[in-house]
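Heads up: the structure comes next, in structure tokens.
Sequential numbering from 1 along the given sequence is applied to the chain's residues.
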Amino acid sequence: MKVIITENYDEMSRKAGEIVTEIVKNNPNAVLGLATGSSPIGMYDYMVKEHISNGVSYANVSSVNLDEYVGLDADNENSYAFFMSKYLFDRVDIDKKNTNLPNGKAEDKQAECDRYNALLETMKQDVQVLGIGSNGHIGFNEPGTSLDSVTHVVDLTENTIKDNSRLFDDISQVPTQAFSMGIKNIMNAKSIILLASGKNKAEAIKGLVKGKIDISLPASVLQLHPFVTVIVDKDAASLL
């Protein structure tokens, strides 16, 4: 595990963006595993800048996203499909047909999980981007999730609903379930980048880097992956 400590969020974003764009330049057909939330927004801005200024092309790139809320369609401004279009897909030359997320409006949830797992079997991520929750969750894999888990429906914890409510007009609007890649799906990626900023992530980062591997802190499983880069600002790294 490689740990890069940066001065601030902007430097963290630039470092991550440099890694991802280098992967795309070396392999124009790369499969990018993408994440939502505040952590990767700056990285997406860097990727867009490199596309516009330096001609980095995503025309042949494919993507798979970590998760999606149950019950929200792609046009809902709180869906992760909408987020990805807003911050990345609509700003670069990627073919939307090559972008993949779970279908939040799927009527048969288990069938949708099975569909997404089958897709992931054929699309091994060249890099999987992750954030981390204050409780150590990756994707929506909350503490207690099996390390062998694959795409599944998650009942969101009260803590996660509260954390995510800042993005909604009212906490009552936050979905209570989500589709999420499982830990096994994440670990199948060829390489992994995990981003974290802020002191509220310091305990989780300490457990990830220095703690024992335990389902009580799902991110700790990343210690078993051969190619993980953890990029954190100095506040998130304050307990290392």
Side-chain angles (χ1 to χ4, degrees), residues 1-4 12-13 15-37 39-41 43-44 46-47 56 58 60-68 80-81 83-84 87-89 92 94 98-102 113-133 136-142 145-152 154 178-196 204-205 207-209 213 215 217-232:
M1 181 181 291
K2 181 179 183 181
V3 179
I4 299 173
M12 177 198 79
S13 300
K15 293 278 189 186
E18 288 172 351
I19 293 171
V20 175
T21 53
E22 194 63 27
I23 288 171
V24 172
K25 285 189 281 189
N26 289 333
N27 178 11
N29 299 301
V31 177
L32 303 182
L34 302 177
T36 55
S39 295
I41 288 176
M43 182 193 76
Y44 294 146
Y46 179 91
M47 292 165 65
V56 177
Y58 297 84
N60 296 312
V61 164
S62 299
S63 70
V64 289
N65 259 76
L66 277 171
D67 38 32
E68 179 59 282
Y80 289 156
F83 176 103
M84 291 307 307
Y87 289 106
L88 184 64
F89 297 158
V92 296
I94 195 166
N98 293 332
T99 64
N100 299 279
L101 295 93
C113 292
D114 293 342
R115 180 195 73 83
Y116 208 64
N117 281 319
L119 177 75
L120 293 170
E121 286 293 321
T122 68
M123 297 181 66
K124 188 171 185 177
Q125 309 97 302
D126 289 282
V127 60
Q128 177 64 58
V129 178
L130 300 173
I132 186 171
H137 75 243
I138 48 177
F140 276 122
N141 295 290
E142 300 283 3
T145 303
S146 167
L147 302 186
D148 291 325
S149 60
V150 291
T151 304
H152 57 294
V154 180
F179 293 104
S180 180
M181 273 190 207
I183 292 174
K184 185 177 180 180
N185 301 126
I186 292 169
M187 292 292 284
N188 280 339
K190 296 176 186 176
S191 64
I192 294 171
I193 298 172
L194 184 140
L195 306 175
I205 292 299
L208 160 61
V209 176
I213 298 169
I215 60 173
L217 193 118
S220 64
V221 72
L222 299 180
Q223 295 175 31
L224 298 175
H225 196 286
F227 299 108
V228 174
T229 303
V230 176
I231 309 176
V232 290

[X] [atom1] to [Y] [atom2] distance, which is reported to the nearest 0.5 Å:
| X | Y | atom1 | atom2 | value |
| --- | --- | --- | --- | --- |
| Ser13 | Ile41 | OG | CD1 | 9.0 Å |
| Asn98 | Ser62 | CG | OG | 4.0 Å |
| Ile183 | Ile215 | CD1 | CD1 | 8.5 Å |
| Phe89 | Ser63 | CZ | OG | 3.5 Å |
| Asn65 | Leu34 | CG | CG | 5.0 Å |
| Met1 | Thr229 | CE | OG1 | 9.5 Å |

CA sep, side-chain torsions, deciding dist, call: Ile138, Ile186, side-chain contact (heavy atoms from CB on, under 4.5 Å): CA-CA 9 Å; Ile138 48 177; Ile186 292 169; 4.2 Å; yes

What heavy-atom pair brings [X] and [Y] nearest, and what distance separates the two atoms?
| X | Y | value |
| --- | --- | --- |
| Val92 | Tyr58 | CB-CD1, 3.9 Å |
| Ala35 | Pro40 | O-CG, 3.5 Å |
| Thr21 | Met47 | CG2-CG, 4.0 Å |
| Ala196 | Met12 | O-SD, 3.3 Å |
| Gly207 | Ser220 | O-CB, 4.3 Å |
| Gln125 | Gly33 | CG-CA, 4.1 Å |

Within-4.5 Å side-chain heavy-atom neighbours: [X] and [Y]:
| X | Y | answer |
| --- | --- | --- |
| Ile192 | Val127 | no |
| Ile231 | Ile193 | yes |
| Met84 | Thr99 | no |
| Arg115 | Thr151 | no |
| Ile132 | Ile205 | yes |

Under-4.0 Å salt bridge between Glu18 and Lys15: no

Main-chain N/O of [Y] paired to [X] side chain as donor or acceptor, under 3.5 Å:
| X | Y | value |
| --- | --- | --- |
| Glu68 | Phe179 | no |
| Asn60 | Asn29 | no |
| Ser191 | Asp126 | yes |
| Asn185 | Met181 | no |
| Asn117 | Cys113 | yes |
| Ser149 | Gly182 | no |
| His225 | Gln223 | no |
| Tyr116 | Asn100 | yes |

Residue pair Lys184, Asp148: steps toward the salt bridge (Lys or Arg N to Asp or Glu O under 4.0 Å) verdict: CA-CA 5 Å; Lys184 185 177 180 180; Asp148 291 325; 5.9 Å; no

Criterion side-chain contact (heavy atoms from CB on, under 4.5 Å) on Leu101 and Phe83, from CA distance to verdict: CA-CA 11 Å; Leu101 295 93; Phe83 176 103; over 6 Å; no

CA sep, side-chain torsions, deciding dist, call: Leu208, Leu194, side-chain contact (heavy atoms from CB on, under 4.5 Å): CA-CA 10 Å; Leu208 160 61; Leu194 184 140; 3.9 Å; yes

Candidate pair Leu130 and Gln128, rule side-chain contact (heavy atoms from CB on, under 4.5 Å), full reasoning: CA-CA 6 Å; Leu130 300 173; Gln128 177 64 58; 3.9 Å; yes

